[in-house]
Amino acid sequence: MTTTHLTRLLGATALGFGAVLATQAAAECDWKPERAVTYIVPWGAGGGTDANSRMLASLLSQEFGVPFNVVNRTGGNGVTGHSAIARAEPDGYTVGAVTVEINTMHWVGLTDLTHEDITPIALVDVVPAGFTVKADSEFGSVTEVLEYAKANPGELTASGTSQGGIWHLALAGLLNAEGMDPQAIRWIPSQGAGPAMQELMAGGVDVVTVAQSEAKTLIEQGELKGLGYMHTERMAALPDIPTTAEELASGWTLAANITISGPGGMDPEIACSYEKAALKVMGTQEWADFKASRGADVVLMGSEDLAALMVKNDQALGDTIKAIGMAN
C-alpha cells in the first residue's frame, strides 16, 4: 500500500515513527505500569482484531516489562468489550482494541457509546474487507453472487460481525451501491471474523465479508475461496483475487481499522507513554514480519491523527448507515 493510497483510505496523514516522536518531544511521557495490564479485545479469538492485539500486547509486555493479559470480552454485538474499555479506570492498567465499530454501534441504536468516550492512542491496522465463500462454492465471482441474489432475494446468507458492524456495512453498502436491496443477502450476526469463518466452512452461511487478511490463511489452505477484495489495489499476498473497484460498476470499497485505545479521561502522560511505546514496537522488524505474514502493511499513526480519523469516520459511516436504512 503506497503512502498516497493509505492517506486516501484513512482520510488523514499516516505519520512515520520519527514524526510522531518529534511531536511528543516536549512531553516527558515517563509513566510505566508497575503491574499487569488488562488488554481488552471486544471480538472473539481467531479474527484479525484478536491476532493484532495479541501480538501488540506481547511486544508491549516486552517493552514495559509487565504482563499484558489479553481478555476477549465479546457480546452485545461489540458493545460489551467497547464499554469495558471506555468505562474502566483511566489509570493505565486497562487498554484495548477499539475498532471501527465505535463509529457504527451508536448509529444503529446498540449503545450511546461513541469515540468521545475513549482515549485514542495509536492506529494498529487498516483492514479492507473481502468477499469470501467456501472452497467448493458454486460461485466463481462477486458478480455471480450478486446475480443470484437479484434473482433469489433473501435466499443467500452472509456473516462476519454484529448486526450493523463494519463487515455488515461492507456487504449492505456494496449491495446498495450496486442498486440492490441491502437485504438481498440476509445478514447472520456473529461474534467476530473467526466464528463467522467457522460457520462458513460448516455450511451455515454462504458468504463472509470479513477482512481479506483475516481469511488469508484459510484461502491459502484451500478451505475458503476469495472472490473479491474491497479495495482499490489487489492484496499483494493474494494477487489473483480481483478488487471490487475493478469488478463492480459502482467501484465500491470499504476498510475497517483497529486501534489501541484507553478509557475516556486517561491522563495525558499515561496516554503519551502508551503512544510512544506502541509506535516504537510497531516500528520493529518483528512487527513488520508479523504484518507480512498476514498480507498486511505496517501503518503508523499517532493519537492526534487517529482522533481526527475517528471524527471523520463517524460521520461517513453514519451517512452510509442512514443511506441503507439501518439508522435508529
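For the single chain, residues carry numbers from 1 onward in sequence order. Any value given below was found using the heavy atoms of this structure, including those in side chains, with hydrogens, waters and symmetry copies removed.
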Donor-acceptor check, side chain of Tyr274 to backbone of Gly92, threshold 3.5 angstrom: yes or no? yes

Listed partners of Ala36 passing side chain to side chain contact (heavy atoms under 4.5 Å, CB included), at least two apart: Pro67, Asn69

Report yes if the side chains of Ile324 and Leu169 come closer than 4.5 Å at any heavy-atom pair, otherwise no. yes

Rounded at 0.5 Å granularity, tell me how far CD1 in Ile166 sits from CG in Leu171. 12.0 Å

For Thr132 versus Leu200, what's the shortest heavy-atom pair and its separation? O-CD2, 3.8 Å

Rounded to the nearest 0.5 Å, how far apart are CD1 of Ile270 and CD of Glu275? 14.0 Å

By side chain to side chain contact (heavy atoms under 4.5 Å, CB included), which residues pair with Ser61, not counting sequence neighbours? Phe68

Using side chain to side chain contact (heavy atoms under 4.5 Å, CB included), reason through Leu146 and Phe139 one step at a time and then give a plain yes or no. CA-CA 10 Å; Leu146 298 185; Phe139 301 113; over 6 Å; no

Decide yes or no for Pro263 and Arg87: does some side-chain heavy atom of the first lie under 4.5 Å from some side-chain heavy atom of the second? no

Restricting to non-hydrogen atoms, name the atom on Thr80 and the atom on Gly76 that form the minimum distance, rounded to 0.1 Å. OG1-N, 3.7 Å

Do the side chains of Leu156 and Val207 get nearer than 4.5 Å, heavy atoms only? no

According to a 4.5 Å side-chain heavy-atom criterion applied to Ile, Leu, Val, Met, Phe, Trp and Tyr, with indirect links allowed, do Leu238 and Leu254 form part of one hydrophobic cluster? yes

Determine which pairs satisfy ring pair (Phe, Tyr, Trp, His ring centres under 6.0 Å) with at least one residue from residues 169-206, sequence neighbours left out, and list them in order. His168-Trp187

Kindly determine whether Thr253 and Thr243 satisfy side chain to side chain contact (heavy atoms under 4.5 Å, CB included), including the steps that lead there. CA-CA 8 Å; Thr253 61; Thr243 68; over 6 Å; no

Is the side chain of Thr284 donor-acceptor paired with the backbone N or O of Lys280 at a distance under 3.5 Å, no angle test? no

Does the side chain of Leu60 reach to within under 4.5 Å of the side chain of Val95, using non-hydrogen atoms? no

State, to 0.1 Å, how close Arg35 and Asp91 come at their nearest heavy-atom pair, and which atoms those are. NH2-OD2, 4.0 Å

Are Asn77 and Met105 close enough that some pair of their side-chain heavy atoms sits under 4.5 Å apart? no

Applying ring pair (Phe, Tyr, Trp, His ring centres under 6.0 Å), which residue pairs with at least one partner in residues 89-137 are found, sequence neighbours left out? Trp31-Tyr93

Can you name the closest pair of heavy atoms from Leu110 and Gln163 and give their distance? CD1-O, 3.9 Å

Can you check whether Leu175's main-chain N or O pairs, donor with acceptor, with Trp252's side chain at less than 3.5 Å? no

Once rounded to the nearest 0.5 Å, what's the spacing between atom CG of Leu227 and atom OG1 of Thr209? 12.0 Å

Has the side chain of Lys216 got a donor or acceptor atom that lies under 3.5 Å from a matching backbone atom of Ser293? yes

Linking I/L/V/M/F/W/Y whenever their side-chain heavy atoms sit closer than 4.5 Å, directly or via other members, would Val126 and Trp43 fall into one cluster? no

Test side chain to side chain contact (heavy atoms under 4.5 Å, CB included) applied to Ile102 and Leu113, step by step: CA-CA 7 Å; Ile102 196 72; Leu113 201 67; 4.0 Å; yes

Specify the closest pair of heavy atoms between Val127 and Ala211, including all atoms of both residues, with the distance to one decimal. CB-CB, 3.9 Å

Supply the atom-to-atom distance Leu123 CG to Ile260 CD1, rounded to the nearest 0.5 angstrom. 11.5 Å

Quick check: does any side chain N or O of Lys276 sit under 3.5 Å from a backbone N or O of Cys29, one acting as donor and the other as acceptor? no

Keeping Thr259 on the side-chain end and Val98 on the backbone end, is there a donor-acceptor pair under 3.5 Å? yes

To check you understand the geometry: which heavy-atom pair defines the closest contact between Thr161 and Glu101, and what is its length? OG1-OE2, 3.8 Å

Under the 3.5 angstrom rule, does the side chain of Glu214 hit a backbone N or O of Gly194 as a donor-acceptor pair? no

Are the side chains of Pro128 and Met235 in contact, using a 4.5 Å heavy-atom criterion? no

Does atom CG (Asp136) have a neighbourhood of more than 12 heavy atoms from anything else shown, all under 6.0 Å? yes

Ala288: partners by side chain to side chain contact (heavy atoms under 4.5 Å, CB included), with sequence neighbours left out: Gln285, Val298

Any side-chain heavy atom of Glu269 within less than 4.5 Å of one from Asp30? yes

Measure the spacing between OH of Tyr229 and CG of Asp240 and express it to the nearest 0.5 Å. 14.5 Å

Whether Asn313 side chain and Met310 backbone form a donor-acceptor pair below 3.5 Å: no

Do Thr217 and Glu223 have side-chain heavy atoms sitting under 4.5 Å apart? no

Side chains of Ser159 and Glu199 only: does a donor on one sit below 3.5 Å from an acceptor on the other? no

CG/Asp267 to OG1/Thr119 distance, rounded to the nearest 0.5 angstrom? 9.5 Å

Should the heavy atoms of other residues, nucleotides or ligands under 6.0 Å from CZ of Arg294 be counted, would the total exceed 12? yes

Can you get from Val311 to Ile258 by hopping between Ile, Leu, Val, Met, Phe, Trp and Tyr side chains that sit under 4.5 Å apart? no

Taking Thr157's backbone N and O only, do any of them form a donor-acceptor pair with Arg186's side chain (distance below 3.5 Å, no angle check)? no

Result block: side-chain N/O donor-acceptor pairs under 3.5 angstrom for residues 47-56, not counting sequence neighbours:
residue, atom, partner, partner atom, Å
Asp50, OD1, Arg54, NE, 2.9
Asp50, OD1, Asn72, ND2, 3.0
Asp50, OD2, Arg54, NE, 3.1
Asn52, OD1, Lys291, NZ, 2.8
Asn52, ND2, Gly48, O, 2.9
Asn52, ND2, Asp125, OD2, 3.4
Ser53, OG, Thr49, O, 2.7
Arg54, NH2, Asn72, OD1, 2.8

